[in-house]
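Let me begin by presenting the structure, written as structure tokens, before commenting on it.
All values derive from a computational prediction rather than experimental measurement. Residue numbers run from 1 in the order of the sequence given.
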Amino acid sequence: MTTEEKLAQLYGLWAGASADGAEVAPHQHDMDRPPSLDELLPHGLGQLTRPFGTVPVDPALGALSLMRTQERIVAANRFSIPAMAHDECLAGFAAWGATTYPVPLSWGASFDPELVREMAGAIGHDMRSVGLHQGLAPVLDVVRDARWGRVEETIGEDPYLVGTVATAYIQGLESAGIVATLKHFAGYSASRGGRNLAPVSMGARERADVILPPFEMAVRESGVRSVMHAYTDTDGVPGAADEELLTGLLRDTWGFEGTVVADYFGIAFLKTLHGVAADWSGAATAALTAGVDVELPTVKTFGRPLRDAVEAGEVPRELIDRALRRVLTQKAGLGLLDPEWSPVPPALAGRAPYTDAAPLRGTVDLDSPARRGISRRLAERSVILLRNDGTLPLRVGPAAGGTAPGLGASEPAAPGSGALRIALIGPQGETPTAVLGCYSFPVHVGSQHPDTPAGIELPTLREALAAEFPGSEIVAVPGAGIDSPDTSGFPAAVRAARDADVVVVALGDRAGLFGRGTSGEGCDAENLGLPGVQGQLLDALLDALDGTGTPLVVTLLAGRPYALGRAADQAGAVVQAFFPGQEGTSAVAGVLSGRISPSGRLPVSVPRLPGAQPSTYLAAPLARVSEVSSIDPTPAFAFGHGLTYTSFDWSDLVVATGSAGTDGSLELSFTVRNTGGRAGAEVVQLYLHDPVASVVQPVQRLIGYARIPLEPAERVSVAVTVPADLASFTGRDGRRIVEPGALELRLGASSADVRLTAGVTLTGPVRRVDHTRELHARFTVTRGGAAGPV
């Protein structure tokens with residue numbers, strides 16, 4: 001291969017990225033006009049960027065267009081090598097008409113890796129069916145500051161939760177033949193002040209013990225084939241130029257053999273934003289040397305600038321060959337180099353001839369009932385009941401003086417047995433996209449094409465409540481906008497509230513890009529107060545209903561946690577849903593009626609004060625409340641918290657092995673029993689507390705969990721084996737160690753609700769461990785004499 005042919009495999013082309021002037025990636029229009037496909041064809045092409053996720057296109061016609069483009073690419077280059085095609089899939093395949101699923105923060109809230117794996121398999125199957133090869137997901141960033149706009153894209157604030165759920169997602173996507181992409185490697189979420197693409201100031205230990213473990217787990221266990229570098233710089237070293245990270249750690253230590261791809265324009269940013277390269281050739285040289293193999297989304301630095309550097313002897317040809325070998329190995333694994341490879345995607349197989357596109361329109365279904373069913377189940381398992389004084393579930397039926405909600409959380413609801421006057425107040429009540437995150441197609445791309453239908457059904461919360469409570473009267477009053485300062489709608493909202501049997505307040509975020517929303521990429525928050533005047537609206541309603549006996553239920557459709565002020569203690573109930581996808585309003589309504597027993601748990605802490613940072617539970621003693629600071633960062637609702645419509649009793653703790661060597665394992669068992677009147681799911685959470693260590697440790701950290709569904713009166717025995725490796729941390733010399741000493745294994749329903757505590761001891765010498773250490777506690781649940789892993 002010539003130098004030009006080699007380089008052509010190392011970059012992508014975003015052919016239609018700016019056809020209408022719309023910006024869907026940061027600094028997209030700061031770059032020169034990309035070359036056309038015709039200009040590139042003679043040398044080949046490595047990647048096609050977002051053929052479905054750039055403009056609305058019928059899926060069948062998109063598949064046909066991609067097929068024809070691949071035919072041109074193969075016919076024009078000497079080696080007949082097709083391009084890999086990639087697209088976004090963070091909350092479902094980001095294509096017009098494809099099912100939208102809950103955002104990753106809801107995946108974390110479900111504490112259900114198995115269901116996330118099933119979802120990802122469905123997403124991957126749909127992507128592969130239309131000719132795609134790679135998906136730019138999942139995000140493994142650990143939340144460090146909830147003001148960061150991309151919190152909705154993360155799985156939570158705990159590295160173990162992030163790692164296990166993300167690994168399951170990757171396994172599902174890869175099982176369908178789609179190359180998953182870990183991002184953003186590494187530390188993007190730890191930017192100063194929660195600002196997007198801001199510098200990162202964390203030390204090596206925080207990086208090693210908080211940021212890197214999810215990536216390490218995924219590389220070891222998921223079969224992932226691609227990694228995307230982070231935009232940010234850490235202590236002055238940009239992610240795209242960090243050879244120690246991209247080659248030394250990722251490849252030489254962890255053994256990763258796939259491709260490293262650039263975040264969009266990230267290589268060019270080495271010159272334009274970071275100032276560590278004087279020109280495009282310098283940027284390309286720095287990235288290639290560090291270990292970046294593919295420039296995305298379109299060719300800028302890996303084309304002529306890199307060729308000039310190679311010909312000038314500034315870049316060893318071996319580095320080009322190294323990246324090329326990785327790219328071609330991946331293409332070979334996808335079958336793209338097979339002699340019998342065909343550009344016809346599975347969705348169009350057997351439909352030849354392909355000369356007329358019209359008969360194909362509408363023939364590819366990316367939103368089947370089965371897909372919507374997965375989205376619905378995940379939405380239902382991710383809704384979190386934060387507070388409930390008995391108001392929920394809402395039960396309808398005759399009451400003195402008319403109809404009114406009955407209270408009784410332990411009994412199933414009976415939707416439709418009577419009528420309620422429901423005041424639905426707030427800006428999310430009648431907004432179809434209130435359930436969608438920034439990277440869902442209707443928000444990410446569809447918002448720039450307002451005359452194009454969404455392509456999927458998006459029932460509003462009002463419509464979902466009408467379906468859930470047939471015959472009830474629902475009066476919807478917005479009261480305020482998402483982020484508008486206008487309070488003129490407050491009086492009408494108060495009047496509606498006073499006339500109602502129950503008030504449902506619908507608050508939250510508008511997902512968007514680069515300041516066009518209150519949540520999403522580039523939509524960072526100054527503080528964690530509710531956007532706009534929503535907090536004031538909530539206070540006005542609490543004041544208006546004080547002493548009336550009318551229950552007020554707060555529902556949140558949001559991309560991050562928010563401080564709720566007085567409502568955290570005074571609302572009848574608070575229901576949190578993190579952008580739960582197209583089935584999300586039905587899930588929220590089902591929780592309100594009692595049709596669904598809530599089982600979601602918080603993947604991020606909910607702050608009590610809008611300005612108290614950090615809000616993450618993963619904090620050392622000095623980051624908690626103390627007598628030497630006037631700021632109390634104690635959350636209103638802690639990580640792992642979530643209420644149910646039943647009750648659980650934890651008992652009979654037995655420490656079978658309470659002392660073990662630093663190379664051994666600890667064992668314990670206990671009983672969990674459903675003591676309420678209806679089925680529910682308990683999420684058993686295992687935390688490690690290390691009271692004395694050679695370096696400062698968080699007060700506690702999650703090292704395991706198990707989601708356990710239980711029928712009324714059902715009891716199970718839970719046995720847990722805890723390898724000593726889970727107590728490891730990065731010592732003073734930068735190496736990971738297990739130290740001897742006393743530990744506490746805390747079994748809890750949340751990080752603030754510990755039910756059982758086992759004092760245990762590790763003995764023997766300090767032991768050094770590495771990336772081959774054990775990563776998981778092993779849970780075994782015995783039901784009626786039958787034992788099985790969880």
Side-chain angles (χ1 to χ4, degrees), residues 8 11-22 24-25 34-42 44-77 80-89 92-98 123-136 177-179 296-299 331 334-336 341-367 441-442 444-446 448-449 451-456:
Y11 53 68
L13 178 67
W14 199 355
S18 57
D20 60 359
V24 293
S36 68
L37 182 60
D38 288 333
E39 293 174 85
L40 297 176
L41 280 181
L45 182 63
Q47 286 260 359
L48 283 167
T49 291
R50 296 178 68 175
F52 291 86
T54 299
V55 295
V57 59
D58 176 89
L61 302 190
L64 179 63
S65 175
L66 177 56
M67 183 190 80
R68 288 173 171 169
T69 301
Q70 290 282 36
E71 290 173 338
R72 291 177 60 196
I73 293 170
V74 168
N77 75 84
S80 300
I81 301 174
M84 285 182 63
H86 74 261
D87 236 304
E88 299 285 356
C89 55
F93 176 18
W96 186 84
I123 294 170
H125 179 274
D126 288 343
M127 296 178 74
R128 201 74 182 91
S129 73
V130 293
L132 290 169
H133 308 102
Q134 183 168 1
L136 301 188
I178 291 292
V179 174
L296 297 179
T298 202
V299 58
K331 288 191 173 185
L334 290 164
L336 299 181
W341 175 83
S342 169
V344 180
L348 300 184
R351 301 189 183 186
Y354 303 104
T355 53
D356 185 3
L360 295 175
R361 185 183 298 275
T363 62
V364 174
D365 184 5
L366 298 179
D367 187 34
F441 188 90
H444 201 73
V445 178
Q448 300 161 29
H449 302 271
D451 296 330
T452 301
I456 54 175

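In this structure, CZ on R68 lies 10.5 Å from OH on Y354, to the nearest 0.5 angstrom. Rounding to the nearest 0.5 angstrom, the gap separating the CZ atom in F93 from the CG atom in D367 is 12.5 Å. Taking CH2 from W14 and OG1 from T298, the interatomic distance works out to 9.0 Å, rounded to the nearest 0.5 Å. Put simply, CG on D365 and OG on S129 are 10.0 Å apart, with the number rounded to the nearest 0.5 Å. Summarising the geometry, atom CG belonging to D126 is positioned 8.5 Å from atom CD1 belonging to I123; distances are rounded to the nearest 0.5 Å. To the nearest 0.5 angstrom, L41 atom CG is 6.5 Å from I73 atom CD1.
In this structure, the side chain of D87 engages the main chain of F52 through a donor-acceptor pair within 3.5 Å. Checked by atom type and distance alone, the side chain of W96 pairs as donor or acceptor with a backbone atom of P453 at under 3.5 Å. Listed for the Q70 side chain is no donor-acceptor partner under 3.5 Å among the backbone atoms of M67. The main-chain N or O of L61 is never found under 3.5 Å from a side-chain atom of S65 such that the two would form a donor-acceptor pair. Judged by distance alone, the side chain of K331 and the main-chain N or O of P82 form a donor-acceptor pair under 3.5 Å. Using a distance-only test at 3.5 Å, with no hydrogens or angles considered, no donor-acceptor pair links the side chain of R128 to the main chain of Q134. A donor-acceptor contact shorter than 3.5 Å is absent between the side chain of Y11 and the backbone of P297. No side-chain donor-acceptor contact under 3.5 Å links D58 to the backbone of R361. No donor-acceptor pair closer than 3.5 Å links the side chain of T54 to the backbone N or O of P51.
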Side chain to side chain contact (heavy atoms under 4.5 Å, CB included) evaluation trace for H86 with L296: CA-CA 10 Å; H86 74 261; L296 297 179; 3.7 Å; yes

L40 vs L13, side chain to side chain contact (heavy atoms under 4.5 Å, CB included): CA-CA, chis, key distance, verdict: CA-CA 9 Å; L40 297 176; L13 178 67; 3.9 Å; yes

Criterion side chain to side chain contact (heavy atoms under 4.5 Å, CB included) on L348 and L64, from CA distance to verdict: CA-CA 8 Å; L348 300 184; L64 179 63; 4.1 Å; yes

Side chain to side chain contact (heavy atoms under 4.5 Å, CB included) assessment of L45 paired with I81: CA-CA 8 Å; L45 182 63; I81 301 174; over 6 Å; no

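Looking at M84 and L48, their side chains never come closer than 4.5 Å, going by heavy atoms from C-beta outward. In this structure, H125 and I178 have side chains that are not in contact, with every pair of non-hydrogen atoms separated by 4.5 Å or more. Side-chain contact between L336 and H133 is present, with at least one heavy-atom pair separated by less than 4.5 Å. Contact of the L136 side chain with the R50 side chain is not registered, since no non-hydrogen atoms from C-beta on lie closer than 4.5 Å.
Closest heavy-atom contact between V364 and A347: CG2-CB, 3.9 Å. Contact between L66 and G131 at its shortest, heavy atoms only, is CD2-O, 3.4 Å. Minimum interatomic distance between P59 and V130 (heavy atoms only, all atoms of both residues): O-CG1, 4.3 Å. Across all their heavy atoms, A454 and P442 have their closest contact at O-CG, 4.3 Å. In plain terms, the two heavy atoms of L334 and G177 that are nearest each other are CD2-O, 3.6 Å.
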